[in-house]
Amino acid sequence: METWDAIRSRRDVRDFAERQIAADDLDRILEAGRRSPSSRNWQPWDFVVVSDRQQLVALAEVWRGAGHVARSAATIALIAPLIEDERKREIEHFDLGQATISMMIAAADLGIGSGHAAVADQELARRILGFPADRFCAHLIPLGEPADRPLVPLRRPNRRSFDEVVHRGRW
C-alpha cells in the first residue's frame, strides 16, 4: 500500500478476525515505532508485545474500555519513564504519540487493523507486563486483521471538512 493510502485507510479497529500476525509483519510495525521521530533523539519508549491469549485477556482489564485488547491478535504496550518535570513529561507524551501513529500507519500499510486503549490500572499492567517501578504503561495498541471489512481508503471519512479545519496565515 502507498503511504497516502495507508493514512486514508487507517481507522480504529475493535473487532478482529481470529488470525495471527506474521512475525515479520509484527517486527515491521515495531520497527516503525523504533524509528519514530523523538525530541533530541531521546527515544523514551520501550515496547512490550503481547500475543498470548491469556495475557491479552488479563491486559484488557487495565481500563474499562479495553475489551478489544482481549480479542486482538497482538497488542503493543508503550512503556516510558515516570517523569516529574512537567515540560519533559509533555515532550515524552508527544514522542509517544509519534511512535504510536507510526506503528498504526505501518500496520495499515500491511492491512492490519489497529486501535488504542488507555491504561488506568498501572499496577495491574505492571504485574502483567513486568515493567520496572520507574516506568508506566502509556497506552496499548491492539492489532489484528479487521473482522468486519478490510482496510481500504475511506472515501467519506467522518471528519470535519478540510475548509473548517485549515486556516492559512491566521485563524
Side-chain angles (χ1 to χ4, degrees), residues 10-148 151:
R10 206 218 70 76
R11 59 182 164 83
D12 280 350
V13 175
R14 290 186 175 81
D15 291 314
F16 302 100
E18 292 187 31
R19 290 190 191 92
Q20 296 299 312
I21 297 173
D24 288 346
D25 289 347
L26 194 50
D27 285 350
R28 184 171 175 165
I29 293 166
L30 292 159
E31 180 68 6
R34 189 184 74 84
R35 288 177 174 242
S36 294
S38 174
S39 176
R40 298 183 181 203
N41 203 27
W42 178 23
Q43 306 169 58
W45 49 65
D46 285 278
F47 310 133
V48 178
V49 185
V50 178
S51 57
D52 175 77
R53 182 63 53 210
Q54 287 182 317
Q55 197 176 5
L56 288 166
V57 168
L59 196 57
E61 298 298 318
V62 300
W63 182 55
R64 60 186 164 90
H68 56 298
V69 168
R71 298 182 301 275
S72 68
T75 290
I76 300 169
L78 282 81
I79 310 298
L82 289 165
I83 296 174
E84 291 193 26
D85 179 81
E86 183 178 354
R87 176 69 179 133
K88 195 166 182 180
R89 191 171 53 245
E90 288 173 359
I91 293 168
E92 175 186 53
H93 286 279
F94 187 81
D95 284 357
L96 290 167
Q98 292 187 101
T100 298
I101 196 62
S102 292
M103 288 189 275
M104 289 177 147
I105 291 172
D109 180 58
L110 297 166
I112 296 169
S114 64
H116 55 83
V119 179
D121 191 337
Q122 289 291 324
E123 289 310 311
L124 178 57
R126 185 173 281 109
R127 283 195 307 275
I128 295 166
L129 300 172
F131 57 88
D134 65 343
R135 309 278 171 161
F136 75 105
C137 184
H139 49 270
L140 306 171
I141 305 172
L143 301 165
E145 182 181 325
D148 55 351
L151 295 180

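All values below were derived from every heavy atom in this structure, side-chain atoms included, with hydrogens, water molecules and symmetry-related copies excluded.
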How many angstroms lie between atom [atom1] of [X] and atom [atom2] of [Y], to the nearest 0.5 angstrom?
X   : Y    : atom1 : atom2 : result
S39 : Q98  : OG    : CD    : 9.0 Å
E61 : I128 : CD    : CD1   : 8.0 Å
L78 : F131 : CG    : CZ    : 11.5 Å
L59 : L124 : CG    : CG    : 7.5 Å
D12 : H116 : CG    : NE2   : 4.0 Å
F16 : R14  : CZ    : CZ    : 8.5 Å

Is the closest side-chain heavy-atom distance between [X] and [Y] below 4.5 Å?
X    : Y    : result
F47  : I79  : no
I21  : L26  : yes
C137 : L129 : yes
S72  : L143 : no
V50  : V69  : no
E92  : P81  : yes

Item to check | Full working for side-chain contact (heavy atoms from CB on, under 4.5 Å) between T75 and L140 | outcome: CA-CA 6 Å; T75 290; L140 306 171; 3.8 Å; yes
Taking all non-hydrogen atoms of both residues into account, name the closest pair between [X] and [Y] and its distance.
X    : Y    : value
P146 : G111 : CD-O, 3.8 Å
R19  : E145 : NH1-OE2, 2.5 Å
I29  : M103 : O-CG, 3.1 Å
P132 : R126 : O-NE, 3.4 Å
A99  : S36  : CA-OG, 3.2 Å
A74  : L56  : C-CD2, 4.4 Å

Next on the checklist: If you count every heavy atom of other residues, nucleotides or ligands that lies below 6.0 Å from R28 atom CZ, does the total exceed 12?
Outcome noted: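 No.
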Checklist entry - Does CZ belonging to R53 count more than 12 external heavy atoms closer than 6.0 Å? => result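 Count over threshold, so yes.
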Checklist entry - Does any N or O in the side chain of H68 come within less than 3.5 Å of the main-chain N or O of A60, such that one atom is a donor and the other an acceptor? => result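 Looks like no, no N/O pair under 3.5 Å.
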Item to check | Check: D46 main-chain N/O paired with R34 side-chain donor or acceptor under 3.5 Å | outcome: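 It does not hold such a pair.
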Next on the checklist: Checking I105 now: which residues fulfil side-chain contact (heavy atoms from CB on, under 4.5 Å) with it, not counting sequence neighbours?
Outcome noted: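 I105: side-chain contact (heavy atoms from CB on, under 4.5 Å) contacts with A6, I7, I101.
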Next on the checklist: Whether the H139 and T100 side chains hold a donor-acceptor pair (N or O, under 3.5 Å, no angle test) is what I'd like checked.
Outcome noted: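 The criterion, which ignores hydrogens and geometry beyond distance, is satisfied for T100 and H139.
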Item to check | Distance-only donor-acceptor check, side chains D95 and S38, under 3.5 Å | outcome: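 The answer is yes; a qualifying pair exists.
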Checklist entry - Do NZ/NE/NH1/NH2 and the carboxylate oxygens of R89 and E86 come within less than 4.0 Å? => result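 Judged by the 4.0 Å cut-off on N to carboxylate O distance, R89 and E86 do not form a salt bridge.
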